[in-house]
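One structure is given here, and the rest of the page talks about it.
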Amino acid sequence: MNSYARKSLRRTLLASLALMILIGCSSKSDNGAMKGDNGGDGTSKPIIGFVQTGSEGDWRKAHTESVREAAEEAGFELRFADGQAKQENQIKALSSFVAQGVDGIILAPLVETGWDNVLEKAKKRNIPVLILDRQVEVKDDSLYVTYIGADTYNEGRLAAEWLIEKTGGKAKVVELQGTPGASPTINRYNGFRDVIADHSGIEIIASQSGDFRRSKGKEVMEAFLKKHGDDIEVVYAHNDDMAIGAIQAIEDAGKKPGDDIILVSIDGVRAAFEAMVEGKLNCTVECNPLQGPMAFDAMKKILAGDIGDMPKKQMIKDRVYDRDSAKEVIDSRKY
Ligand code: GYE
C-alpha cells in the first residue's frame, strides 16, 4: 500500500470514528439529523482541491465546468480556487489546500515554472498532486503524480502545417501569443516555428502576447494593423478568443477577415466554429477542454494507490478543422 492509499485508509477510519461519535451524540440528543457526513450515505466523500488559472475565455469556462461535473459524477467533493490569472494566488490556494489536509489536489498552472516549493509542501503531507491542462517544469518530477492535458506543441505544428498547405509556403504572418510563460504559449510558439523552419517563404513579421484574451487580441491586432497595414497576410493566434478579437480589429479596419487576411487559431470553441461557418476564421486546431472525466479517473486510481502503470504524461488527441469541416460538425460540438 503506498502513502496515498495509506492516507485514504486513515481518513476512512477517522471518518468512521467520527461517524460513530456522531451517531452516539445524535441518539443521545435524539435530534435525528446527522451532521459532518457529506456523503449522504454514511461515508464521507474524498475532498479534492482544484486550483484553476482564472477565467480568461471560453475554453477556460468549458474546462472549469468539465472538472466540476466530473467531480460530482465521481462522487468527490470539489473545493474550487480561482487563481484570477496570478501565480501568487494559485500558490496561496495550493498552500491552503495542503493546510486543510485535502485528499488530493488538481492544479492547472498558469505558468510553467515556480512551483517547486509549494509542491514540496504537498509532498511532505503526502497529498498527491495531478497537473491538469498546462505543464510544470520542476527539478524533481516526483512532486506530482501525473500530467493530463493536450499536446500543445503538436497543436502549434498542426497550425503551421495547415498554413503551409493553404498558402503554398508563402505568407507574412503576425502572431498573437498566449500568456507569457504558460506552457501552451511556449509550445505553440515552438511547434509553429519548428515546422516553418523549412519554409523560408513563411515569415513572422510581428509577434506579441494577447494573454489568451479576446479584448487583448483585439488591442494587439489594432496595433499590428497600424504598423504593418497591408503587409499582413495571416494571423496565427494561440487561441480562438484572441482570433475573435483580431477578427473585430480587422473588420474595424475595413478589411474582410478570412479573405483579405487568413486566420488560423487553436482551441475549437463554439465561437470559432461560428466564425468559420461565417467565413471569418479559416482554421482552428482543436484543444479539448473536457478534461474532467480523465482527471477524476486518474484521481480515483491515485487515491486507491493504483498508480503502478500510470504514465507521467497523458495527452489528449487533437484535430484540425477548417471552414468546410466546420459546417459539418458545428451542431455536434459540445463546447
Ligand atoms: O488554449 C486557452 C486557455 O491552457 C490549453 O488556456 C490551455 C489554454 C487554451 O486560456 O484558450
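Counting starts at 1 for both ligands and their atoms, in listed order.
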Side chain or backbone, does [X] bring an N or O within less than 3.5 Å of an N or O on ligand 1?
X    : result
W59  : no
D133 : yes
H238 : no

Taking the six-membered ring of F97, is the NZ or CZ of K121 close enough (under 6.0 Å from the centre) and on axis enough (within 45°)? no

Could you tell me if R188 sits above the aromatic ring of F192, with its cationic atom closer than 6.0 Å to the ring centre and no more than 45 degrees from the axis? no

Exercise: identify the closest heavy-atom pair between [X] and [Y]:
X    : Y    : value
G210 : K216 : O-CB, 3.0 Å
I186 : G181 : CD1-O, 3.8 Å
F50  : L78  : CB-CD1, 3.8 Å

For ligand 1, which atoms have a heavy atom of [X] less than 4.0 angstrom away?
X    : result
R134 : 3 (C), 4 (O), 6 (O), 8 (C), 10 (O)
P184 : 4 (O)
E56  : 3 (C), 6 (O), 10 (O)
F212 : 2 (C), 10 (O)

Given that the side chain starts at C-beta and the backbone is N, CA, C, O, which of these parts of E155 lies under 4.0 Å from ligand 1, counting heavy atoms, or is it both or neither? neither

Specify whether H238 and Y236 have parallel, tilted or perpendicular ring planes, treating 30° as the upper limit for parallel and 60° as the lower limit for perpendicular. tilted

With a 4.0 Å cut-off on heavy atoms, is K61 touching ligand 1? no

Looking at ligand 1, is there an atom of it that comes within less than 4.0 Å of some heavy atom belonging to D267? yes

Is the count of non-hydrogen atoms from other residues, nucleotides or ligands lying under 6.0 Å from E251 atom CD greater than 12? yes

